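Shown next, in structure tokens, is the structure this report addresses.
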Amino acid sequence: MDSAQLLQFLPTMEMISEALAQAGIACHCTVLDAKTVYRGIRLYAAGQPVQEDLLYLLRQPEPDFPGDVCACASVQEIPGLGDRLWCPDITPEELLNFLLAFFAECQQIQYRIDRVVFHNLGLQALCDLGAELLENPVCIHDDWFIMTAMSQGMESIMAPEYVASSSKGFVPRVIVEDFKQDSDYLETYVYRGARIWEGIDGAPSSLYVNLWDATIYQGRLLVIQHNRLFRRRDFLLAEVLAQGAVFLLSRKQLGEPQPYQGMDDIVFHLLQGGQPEPAEINQLLATLHWKQTDQFLCARLKSQQTTAATILEHVLHSDLFQLFPGSYILFNGREQCLVVNLTRKPLSALQLRHLLAPLCRDYCLYAGLSAPVSGLRELNLAYYEAEVALNQAFQMRSEKWIVFFSDCVLSHILNNLPQPLQPWDLISPALRILRRHDLDKGTQYFETFRAYLLQERNIPRAAQTLIIHRTTLLYRLEKIQSLIQVNLDDPEQRLYLLLSFWIWDRIGSQPLPQPGKTGI
């Protein structure tokens, strides 16, 4: 197993063919590379864009389907050089249902393994889960054949003295003796993938994966062929389990388990403003090929509905991985948190909106996006900004599914004023003077002043906006200036007045103070 490449329990064509055969469904397949895995199953429609890591179901031969580069499944043979599978004795609907169920099963298996590893349930729990999934005993031993962990029931095939000689036990004597007597055994240390060791003279066969931490051999994960013969899927499953074992073993010192921080834990710790250990940061950076100083953006997506988590949320998780390679996607509390590395994949706000809009539409989501931040240490700021934007989307409940922090920062300031200030207290007195004058005298100074500022004091554009003559505008501005006595050449004063107009529009009408009580 190559520790630099993270494995996932995704179906290969041989695994799918084997599952169909076990279900009694006749199938034929052509496989170019037995290690090719597929992230999902899609029903092909003519003219749609395709992805090479998906398996497409074809109801009938499609002239435009790129069969030389994409894999397909059908109830009849489809021409092409890519991986193909066809089942002549069932309907397309039956084949689709079977494939959907099989992909969902693989996804659930991966989720269960991740839960054991990332929640630090330990090597014992990993072996027990492996034994359940593989239907054979599973154990992990170190480079001295001392048992590090073993699934329940393993004792029944171990010699009693080997169990008693160590608190952890040894690999069964019959297997060790078989290893020692075979001159080919030393060659097995170099392998990185799952292999079969054929037992002789009464020794059971075993499926093994060496546990490599970079260039250091730490031991081996063994699956003993005791209850049933090995299947094709067992090889990949054993490799994924071994990868989890390496992660857990990397958190051990002198045989004592340390609190394990999985990838999700490390990222979530950063998002919450914590300071993970330097070794954990290095592990994260090495795994994701990130740098401390990269630029990041955080997006938080959540269903518009309040129902419990469904399988769709796990499918969405997979879709986000495909749309944003090199990013980190965390599923926490029914909320998808996407950390985009903008240094590795530069994306503009428009491009982000373009990528997320179909997902928000199809999965009925709201999304809140932060401003870009520099470095891992600012991820907590991006996480908070994305939360503010997401909350704004839920408050609006409009057709605007995607909200950027820059879209709602003023609303956030307004909603978080220190007591006893109220939004009305922030409005410039000049606006209240103009509104009172308009009410008393029937003038239109309030809207005239607004247009003049919004048009950046450009007389022709402001007059055009108000549909009045330039001379009329100049007359009104002279009267306005005599009423409010504000220095409009001061950019801070102009900003304050524009912000006051913005607040005025959002808090609605307020009773104006009576003359003489304006506080001006």
Side-chain angles (χ1 to χ4, degrees), residues 349-350 353 368-369 371 385 388-520:
L350 183 63
R353 192 185 299 274
L369 281 76
E385 289 183 356
V388 171
L390 181 62
N391 290 339
Q392 178 72 10
F394 273 95
Q395 288 173 12
M396 292 189 302
R397 288 283 181 180
S398 66
E399 71 284 351
K400 191 172 184 179
W401 305 322
I402 302 170
V403 177
F404 286 83
F405 182 68
S406 57
D407 298 331
C408 61
V409 63
L410 292 179
S411 296
H412 179 64
I413 294 172
L414 196 63
N415 294 332
N416 291 275
L417 291 175
Q419 295 298 327
L421 282 176
Q422 296 298 317
W424 182 256
D425 300 324
L426 298 183
I427 293 176
S428 169
L431 269 60
R432 285 178 272 186
I433 292 172
L434 294 179
R435 177 58 81 185
R436 170 58 61 189
H437 190 278
D438 286 349
L439 292 175
D440 292 343
K441 307 296 184 180
T443 54
Q444 299 177 24
Y445 293 166
F446 186 89
E447 293 302 331
T448 298
F449 193 46
R450 182 208 296 267
Y452 178 62
L453 291 176
L454 289 176
Q455 296 302 325
E456 298 178 342
R457 298 193 295 167
N458 184 294
I459 297 296
R461 288 205 306 263
Q464 186 178 13
T465 300
L466 294 166
I467 318 178
I468 60 176
H469 194 273
R470 183 176 184 275
T471 304
T472 304
L473 175 58
L474 291 172
Y475 172 80
R476 290 183 184 177
L477 291 174
E478 183 179 349
K479 293 294 185 182
I480 290 170
Q481 185 62 34
S482 66
L483 286 171
I484 61 175
Q485 298 294 320
V486 173
N487 179 15
L488 295 182
D489 291 328
D490 184 346
E492 290 187 2
Q493 284 296 316
R494 296 198 303 274
L495 176 62
Y496 178 37
L497 290 165
L498 284 169
L499 181 58
S500 296
F501 275 114
W502 185 89
I503 296 173
W504 189 294
D505 292 339
R506 278 151 184 80
I507 64 175
S509 59
Q510 294 280 348
L512 286 169
Q514 295 300 317
K517 297 183 180 180
T518 60
I520 303 171

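Because the structure is a prediction, the values reported are computed rather than measured.
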Would you say [X] and [Y] make side-chain contact, with heavy atoms under 4.5 Å?
| X | Y | answer |
| --- | --- | --- |
| Lys479 | Arg476 | no |
| Trp401 | Arg353 | no |
| Asp407 | Lys400 | yes |
| Arg457 | Arg494 | yes |
| Trp502 | Ser411 | yes |

Specify the closest pair of heavy atoms between [X] and [Y], including all atoms of both residues, with the distance to one decimal.
| X | Y | answer |
| --- | --- | --- |
| Asp438 | Tyr445 | OD1-N, 2.9 Å |
| Phe405 | Ala389 | N-CB, 3.9 Å |
| Leu497 | Ala430 | CD2-CB, 4.1 Å |
| His437 | Thr443 | ND1-OG1, 3.0 Å |

Once you round to the nearest 0.5 Å, how far does [atom1] of [X] lie from [atom2] of [Y]?
| X | Y | atom1 | atom2 | answer |
| --- | --- | --- | --- | --- |
| Leu453 | Asn458 | CG | CG | 12.5 Å |
| Arg450 | Leu434 | CZ | CG | 11.5 Å |
| Leu477 | Leu488 | CG | CG | 8.5 Å |
| Ser428 | Ile503 | OG | CD1 | 10.5 Å |

Query - Heavy-atom neighbours of Tyr475 OH exceed 12 at 6.0 Å - result: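 No.
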Report task. Decide if atom CD of Glu456 counts as having more than 12 heavy atoms of other residues, nucleotides or ligands within a radius under 6.0 Å. Result ->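 No, not enclosed.
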Requested in this report: Please answer whether the main-chain N or O of Leu369 pairs with a side-chain N or O of Glu385 as donor and acceptor at a distance below 3.5 Å.
Outcome: no
**Report entry** Qualifying residue for side-chain contact (heavy atoms from CB on, under 4.5 Å) with Cys408, from Asn391, Val403, Leu390
**Finding:**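 When side-chain contact (heavy atoms from CB on, under 4.5 Å) is applied between Cys408 and each of Asn391, Val403, Leu390, only Val403 qualifies.
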Report task. Check Leu454, Ile484, Leu483 against Phe449 for a side-chain contact (heavy atoms from CB on, under 4.5 Å) and give me the one that passes. Result ->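 By the side-chain contact (heavy atoms from CB on, under 4.5 Å) criterion, Phe449 pairs with just one of Leu454, Ile484, Leu483: Ile484.
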Requested in this report: Could you check Phe446, Tyr452, Tyr496 and say which one makes a ring-ring contact (aromatic ring centres under 6.0 Å, His included) with Phe501?
Outcome: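 Among Phe446, Tyr452, Tyr496, the one that satisfies the ring-ring contact (aromatic ring centres under 6.0 Å, His included) with Phe501 is Phe446.
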Table please: side-chain donor-acceptor pairs of residues 460-470 below 3.5 Å, with sequence neighbours left out.
{"unit_1": "Arg461", "atom_1": "NE", "unit_2": "Gln455", "atom_2": "OE1", "d": "3.1"}
{"unit_1": "Arg461", "atom_1": "NH2", "unit_2": "Gln455", "atom_2": "O", "d": "3.1"}
{"unit_1": "Thr465", "atom_1": "OG1", "unit_2": "Arg461", "atom_2": "O", "d": "2.9"}
{"unit_1": "His469", "atom_1": "ND1", "unit_2": "Thr471", "atom_2": "N", "d": "2.9"}
{"unit_1": "His469", "atom_1": "ND1", "unit_2": "Thr471", "atom_2": "OG1", "d": "3.2"}

